[in-house]
Number of protein chains: 2
Amino acid sequence: MAMKRFQELSASFSEYFNTRHFPVQPAGLYDAASYMLEAGGKRVRPVLCLMGSELFGDLRNDAWKTAAAIELFHNFTLIHDDIMDKAPLRRGNATVHARYNESSALLAGDVMLLKAYEYLNDTDPVHAGMLVRQMNEVGRQVCEGQQLDMDFEQSAAVTLSSYLNMIGLKTAVLLAASLRMGALITGASESDQLHLYAFGKNLGMSFQVQDDWLDAFGDPATFGKKAGGDIVQNKKTFLLVKALESAGPVQKEEILRLLEYSGEDKVSRMIALFTDCAVDREAEAACARYFDQALSELGQIAVPPAKKLALEELAAHLLGRTR
Amino acid sequence: MAMKRFQELSASFSEYFNTRHFPVQPAGLYDAASYMLEAGGKRVRPVLCLMGSELFGDLRNDAWKTAAAIELFHNFTLIHDDIMDKAPLRRGNATVHARYNESSALLAGDVMLLKAYEYLNDTDPVHAGMLVRQMNEVGRQVCEGQQLDMDFEQSAAVTLSSYLNMIGLKTAVLLAASLRMGALITGASESDQLHLYAFGKNLGMSFQVQDDWLDAFGDPATFGKKAGGDIVQNKKTFLLVKALESAGPVQKEEILRLLEYSGEDKVSRMIALFTDCAVDREAEAACARYFDQALSELGQIAVPPAKKLALEELAAHLLGRTR
């Protein structure tokens with residue numbers, strides 16, 4: 001039973017979204033854009049928009065349009081991020097710039113953002129302006145998050161609080177805004193919108209910290225990625241940032257030496273250091289704190305508890321906390 | 001006297017626009033964006049928006065906001081185009097990606113587009129939706145024009161009509177839409193909006209064809225660029241496209257041979273071929289046709305002729321037809 005509503009909405013949205021969003025010509029541009037959209041994905045953000053909308057009333061046509069706008073926006077950010085990160089693969093397929101070329105990928109991202117605004121602007125004028133405003137804000141934040149993420153790659157000392165700020169901007173605010181935009185369409189009060197936004201933001205933070213933890217401590221069989229990928233790449237994660245911040249001088253020196261090292265035992269030695277510094281438990285605690293805060297925000301929304309079940313289930317599922 | 005209103009509005013707009021459009025942090029992102037805006041430019045598009053607005057009434061605050069949105073949009077396209085074209089210089093300064101890096105330039109373009117929507121969405125709801133719709137449409141068209149321009153670089157055979165379609169999308173529609181967006185704010189009728197749009201589109205076409213002609217036949221002293229730059233780069237221009245289309249087999253073979261050639265006399269020999277094929281006169285005729293059509297469209301707008309003087313003067317000035 002768990003996750004039934006998510007799966008239903010995800011399937012319905014995929015059907016709704018499985019349409020030609022762009023003209024045919026020029027093919028160099030629109031084939032690249034369509035290629036990205038056809039690659040699919042879990043559609044978490046548009047489903048959050050639909051669930052946020054359902055919390056306060058029946059799903060209207062505008063909720064679907066807004067969900068489509070959000071998915072287009074998300075894909076715009078992915079295409080441009082992949083160019084910046086020079087990533088060859090996404091979801092197991094060649095990235096847009098790898099499959100076509102950087103210029104077409106850049107333009108495909110641009111038209112996707114423009115199309116997102118087109119869908120939003122095509123909703124009832126009663127809320128179109130508010131939806132565009134939310135998109136403007138989250139768009140700016142996601143760009144800031146990406147810039148900070150790139151800055152951190154070049155920076156030796158990143159504080160935990162600036163790291164948390166970065167993942168908030170890069171990932172969590174879009175989940176939060178997706179929920180809020182949906183809620184806005186069915187006329188949720190400002191206060192309920194803010195609680196729902198905070199639910200999404202905290203859920204996103206919890207998920208991202210968990211993702212960092214899983215890379216080092218998760219079971220590769222369930223996690224689906226090779227363990228220690230972040231460690232091999234010296235990626236700034238909650239674990240590394242917190243370890244560098246809280247380690248004693250000897251441990252810190254060892255971590256810094258490991259960052260320069262690329263032997264076969266790099267991953268296992270870094271994991272041992274993380275455990276020594278207890279940053280694994282710090283991450284688990286942070287993850288749980290964000291998760292609890294998310295549920296507390298959801299609890300404060302003025303709708304009957306039964307209406308909140310789908311979001312509670314989704315939250316528990318995303319954080320691997322089956323109930 | 002000529003061009004007085006353009007200069008006044010350009011100066012006023014520069015003052016209005018000379019403000020901090022972005023936060024300070026992250027500096028890697030917003031310094032790049034501000035660097036681009038501080039480089040200035042003639043501000044033709046925002047002034048067209050203001051003039052389009054003035055044609056039908058007094059300048060309101062929303063006309064200035066819309067002019068700012070248009071200038072931000074234009075700079076977004078320039079930043080991304082420069083990345084795609086790997087251009088080292090713009091307006092005599094290093095391009096954004098050359099001065100910073102490609103990733104920050106890409107993101108700076110993105111936030112500039114987002115900011116453009118923010119300004120538009122901040123106007124009176126009576127026209128905000130219509131303004132956003134115009135921006136969506138012109139945005140898509142400009143992206144299509146850029147893709148076609150890149151396609152043409154790789155393509156041996158480009159027809160004149162597809163070339164004209166490309167410059168229309170890449171350049172002329174934004175001039176047209178700038179005028180129309182201004183007019184929309186002061187409540188111009190749909191019919192007047194369309195005539196004004198057509199005025200701008202034809203003016204843009206005329207200007208672009210003239211630009212192609214000037215590269216080969218203009219006086220470098222007045223034109224401000226070294227003559228024959230397009231020829232050196234084998235750039236598809238009105239002259240080259242039309243020459244390849246209309247030349248006899250012997251001339252055509254000679255043109256194709258010249259495209260492979262890079263000797264010192266490449267420019268003079270290509271210019272001689274253009275004259276032989278009479279494409280210089282074809283370009284002049286096309287330029288005049290577009291210009292006349294522009295004035296005819298302006299003539300059909302239902303406001304007193306005195307109101308149109310500023311736009312007539314600007315048109316004559318842009319096309320070097322002092323009156």
Side-chain angles (χ1 to χ4, degrees), chain A residues 22-23 25-30 32-33 73 76-77 80-81 83-86 101-123 125-126 128-133 135-151 154 166 169, chain B residues 22-23 25-30 32-33 73 76-77 80-81 83-86 101-104 106-123 125-126 128-133 135-151 154 162 166 169:
Chain A
F22 300 103
Q25 293 292 341
L29 171 57
Y30 292 126
F73 172 84
F76 141 73
T77 66
H80 281 189
D81 284 4
I83 295 174
M84 291 181 250
D85 301 343
K86 304 202 181 303
N101 57 66
E102 285 200 9
S103 296
S104 290
L106 201 168
L107 276 179
D110 291 345
V111 294
M112 231 170 254
L113 177 58
L114 292 163
K115 191 75 189 176
Y117 278 106
E118 198 177 314
Y119 278 112
L120 291 184
N121 196 49
D122 193 35
T123 62
V126 163
M130 290 187 287
L131 291 171
V132 170
R133 186 169 323 137
M135 184 65 92
N136 291 336
E137 192 175 333
V138 77
R140 185 177 50 71
Q141 291 172 318
V142 171
C143 288
E144 290 178 1
Q146 169 68 7
Q147 179 69 45
L148 290 172
D149 197 10
M150 296 189 299
D151 289 348
Q154 313 298 327
M166 183 277 284
L169 291 167
Chain B
F22 300 103
Q25 294 292 340
L29 171 57
Y30 292 125
F73 172 84
F76 141 73
T77 67
H80 281 188
D81 284 4
I83 295 174
M84 291 181 252
D85 300 343
K86 305 202 179 304
N101 57 65
E102 285 200 10
S103 296
S104 290
L106 201 168
L107 276 179
D110 291 345
V111 294
M112 231 169 255
L113 176 59
L114 292 163
K115 192 75 190 174
Y117 278 106
E118 198 176 315
Y119 278 111
L120 291 185
N121 195 50
D122 194 34
T123 62
V126 163
M130 289 187 288
L131 292 170
V132 169
R133 187 170 322 138
M135 185 65 92
N136 292 335
E137 191 174 333
V138 77
R140 184 177 50 71
Q141 291 173 318
V142 171
C143 288
E144 290 178 1
Q146 170 68 8
Q147 179 68 45
L148 290 173
D149 198 10
M150 296 188 300
D151 290 347
Q154 312 299 327
S162 63
M166 183 277 284
L169 291 168

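By convention in this document, chain letters (A, B, ...) are assigned in the order of the sequence lines, proteins followed by strands, and residues within each chain are numbered from 1.
- A salt bridge is defined here as a Lys NZ or Arg NE, NH1 or NH2 lying under 4.0 Å from an Asp or Glu carboxylate O, and B:Arg140 with B:Glu144 meets this definition.
- B:Asn121 places a side-chain N or O within 3.5 Å of a backbone atom of A:Gly129 that can act as its donor or acceptor partner.
- For chain B, the nearby part of A:Ile83 is the side chain; its heavy atoms alone come within less than 4.5 Å.
- Ranked by non-hydrogen atom pairs under 4.5 Å with chain A, the options B:Met135, B:Met84, B:Glu118 are led by B:Met84.
- Residues B:Asp151 and A:Pro26 have side chains in contact (heavy-atom distance under 4.5 Å, counting atoms from C-beta outward).
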Open item on the list: Between A:Asp110 and B:Phe76, does the side chain to side chain contact (heavy atoms under 4.5 Å, CB included) criterion hold? Intermediate values first, please.
Closed with: CA-CA 10 Å; A:Asp110 291 345; B:Phe76 141 73; 3.7 Å; yes
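- With respect to chain A, the highest number of heavy-atom pairs below 4.5 Å among B:Gln146, B:Lys115, B:Glu102 belongs to B:Gln146.
- Looking at A:Phe22, neither its backbone nor its side chain comes within 4.5 Å of chain B, counting heavy atoms on both sides.
- Using a 4.5 Å cut-off on side-chain heavy atoms (C-beta onward), B:Tyr117 and B:Asn136 make contact.
- Note: A:His80 and B:His80 have perpendicular aromatic rings, judged against thresholds of 30 and 60 degrees for the angle between ring planes.
- Taking A:Gln147, A:Met150, A:Arg133, A:Gln25 one by one and counting their heavy-atom pairs under 4.5 Å with chain B, the maximum is reached by A:Gln147.
- If you measure heavy-atom distances from B:Leu113 to chain A, the contacts under 4.5 Å come from the side chain alone.
- Between the side chain of B:Ser104 and the backbone N or O of B:Asn101 there is no donor-acceptor pair closer than 3.5 Å.
- Note: A:Val132 leads A:Val111, A:Val132, A:Val142 in heavy-atom pairs under 4.5 Å with chain B.
- Proximity to chain A is limited to the side chain of B:Leu106, based on heavy atoms less than 4.5 angstrom apart.
- In this structure, chain A has no heavy atom under 4.5 Å from any part of B:Glu137.
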